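The next block holds one structure in the form of structure tokens; read it before the comments.
Computed from a predicted model, the values in this text were never measured in an experiment.
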There are 2 protein chains.
Amino acid sequence: MRYHRSDVVDRAIAVLDEYGLESLSMRRLAAELGVQPSALYHHVPNKQTLLAAVADEILTRGKRPHRAREWDRRVVEVCAELRDAMLAYRDGAEVVVTAHTFGLGAAEPANQLRAALRDGGLPDDLVDVGTRALLHLVFGHTVEEQMALQAASAGAIDRAPGGPADFERGLELVLDGLRSKVGG
Amino acid sequence: MRYHRSDVVDRAIAVLDEYGLESLSMRRLAAELGVQPSALYHHVPNKQTLLAAVADEILTRGKRPHRAREWDRRVVEVCAELRDAMLAYRDGAEVVVTAHTFGLGAAEPANQLRAALRDGGLPDDLVDVGTRALLHLVFGHTVEEQMALQAASAGAIDRAPGGPADFERGLELVLDGLRSKVGG
DNA sequence: ACCTGAACACCGTTCAAGT
DNA sequence: ACCTGAACACCGTTCAAGT
């Protein structure tokens, strides 16, 4: 059987979702595809690049249309889409955040947020600061939430995991700050 | 030579700072101490626990007195202390954030932030939401900043790394949101 | 109590050789 | 172009045995 890069990425996501990030090794993935580990390096230069591709694919699969017209409602939509996309696969948040940290892929959400803040009439420097703040909030919240969800499903007794309500309230804090500057 | 747990942690920080997190293996650390890898397991149950201890020690070393009296100024002080503590060692932010993510140690900053927000007269649920938002902001910003600093010092040309100015402006966004709720 | 020596079950990556 | 087979240089962790 002959594979393409997209087959490798798809299978990587399947392994990630079923067994978790710590089990997603190049050797394990190769075995899953019925191929020698060295064969993977024909489709992907290294594991880091593969994980970046996995992150991008997770975000692509989570894409949805944005209907909001006001810039601040669109920010909430983009952030919610990002959160839902990461939560859709086991350890998805960890993978996306790591890719973003290393500057590999996962750039789409940042671009959408920047565009929304610019539409809001914010000055360039505040667009930058705001975009980063929103992204860090969504990433931090979602990694924590997914951690708690997975711990709970593994039987560990845990307090309520934050959830979508706390998520939006954290967002509103930053949006309040931004809105107070848009008219200033 | 006989070692104690604190010797192991101290040496781990030295290795971290000099060679980076990816070089901080149990085997490498053992070699650095002139001991067999298995000897480390008399002082520490596993690597995860060691890294949590490293995170806590990094935060302890970065401790400083807080002089601000207003709650919002104290928030800024706590956040700046946290950021500086993590930046003081190579990959320090990554280590502290990972420990916090896995719920191992790194709990002090959260407690200090909670106390400050409570002093501000915020209701309990907003104290929770605000603490998490501030923590995620500081963590996200500092990991990104440290990444950029290390990339720059490794010769990669990079745009200005955010720095303390952007850091405080992101913070102010959330503080604006919180302040608008304290009188409401 | 603390350490050694040896082993177990893995990693990511490279590279000559095959088809 | 894509894959195999074998190797290189590592991992974290366990455990009997020593002092």
When you compare the protein's N or O atoms with those of nucleotides 12-15 of chain C, which come within less than 3.5 Å of each other, and at what distance?
unit_1: C/dG12; atom_1: OP1; unit_2: A/Met26; atom_2: N; d: 3.2
unit_1: C/dG12; atom_1: OP1; unit_2: A/Lys47; atom_2: NZ; d: 2.9
unit_1: C/dG12; atom_1: OP2; unit_2: A/Met26; atom_2: N; d: 2.9
unit_1: C/dG12; atom_1: OP2; unit_2: A/Arg27; atom_2: N; d: 3.3
unit_1: C/dG12; atom_1: N7; unit_2: A/Arg27; atom_2: NH1; d: 2.7
unit_1: C/dG12; atom_1: O6; unit_2: A/Arg27; atom_2: NH1; d: 2.7
unit_1: C/dT13; atom_1: OP2; unit_2: A/Tyr41; atom_2: OH; d: 2.8
unit_1: C/dT13; atom_1: OP2; unit_2: A/Lys47; atom_2: N; d: 2.9
unit_1: C/dT13; atom_1: O5'; unit_2: A/Tyr41; atom_2: OH; d: 3.4

Using a cutoff of under 3.5 Å, can you pull out all pairs of nitrogen or oxygen atoms linking the protein to nucleotides 17-19 of chain D, with atom names and distances?
none

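Between C/dA9 and D/dA9, the distance separating the two P atoms is 23 Å to the nearest Å.
Legend: residues meeting salt bridge (Lys or Arg N to Asp or Glu O under 4.0 Å) with A/Asp10, ordered by chain and number and at least two apart, are A/Arg61. For A/Glu81, there are no salt bridge (Lys or Arg N to Asp or Glu O under 4.0 Å) partners at least two apart in sequence or on another chain. For A/Asp119, the salt bridge (Lys or Arg N to Asp or Glu O under 4.0 Å) partners two or more places apart in sequence, or in a different chain, are A/Arg74. B/Glu108 pairs by the salt bridge (Lys or Arg N to Asp or Glu O under 4.0 Å) definition with B/Lys63, not counting sequence neighbours.
In this structure, B/His141 contributes its side chain and B/Leu137 its backbone to no donor-acceptor pair below 3.5 Å. Although no hydrogens or angles enter the test, the distance criterion places no donor-acceptor pair under 3.5 Å between the side chain of B/Asp56 and the main chain of B/Ala53.
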Expected list for residues 11-23 of chain B: side-chain donor-acceptor pairs under 3.5 angstrom, two or more places apart:
unit_1: B/Arg11; atom_1: NH2; unit_2: B/Glu32; atom_2: O; d: 2.8
unit_1: B/Asp17; atom_1: OD1; unit_2: B/Arg90; atom_2: N; d: 2.8
unit_1: B/Ser23; atom_1: OG; unit_2: B/Tyr19; atom_2: O; d: 3.3

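Applying the 6.0 Å contact sphere to CZ of A/Arg69 captures no more than 12 heavy atoms from other residues, nucleotides or ligands.
For the pair A/Arg5 CZ and D/dC2 P, the interatomic distance rounds to 13 Å; values are reported in whole Å. Distance, B/His4 NE2 to C/dC2 P: 6 Å, rounded to whole Å.
Applying the 4.0 Å criterion to OP1 and OP2 of D/dG5, one finds that A/Gln36 has a side-chain N or O inside that range. Distances shown here put a side-chain N or O of B/His43 below 4.0 Å from the OP1 or OP2 atom of C/dC3.
Among residues at least two apart or in separate chains, ring-ring contact (aromatic ring centres under 6.0 Å, His included) pairs with a member in residues 77-125 of chain B are B/His100-B/Phe139. Residue pairs meeting the ring-ring contact (aromatic ring centres under 6.0 Å, His included) criterion with at least one partner in residues 21-51 of chain B, sequence neighbours excluded, do not occur; the list is empty. Note on residues 167-176 of chain B: pairs passing side chain to side chain donor-acceptor pair (under 3.5 Å), not counting sequence neighbours, are A/Asp125-B/Arg169, A/Lys181-B/Asp176, B/Glu172-B/Arg179, B/Asp176-B/Arg179.
Pairing each heavy atom of B/Val182 with each of B/Gly121, the nearest pair is CG2-C, 4.3 Å.
A heavy atom closer than 4.0 Å to some atom of DNA chain D occurs in no member of residues 7-22 of chain B.
Ion pairing between A/Asp124 and A/Arg118 fails under the 4.0 Å rule for side-chain N and carboxylate O.
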If pairs are Watson-Crick or G-U with both distances under 3.5 Å, what is the dot-bracket string of DNA chain D, marking crossing pairs with [ ] and pairs to another strand with |? ||.|||||...|||||.||
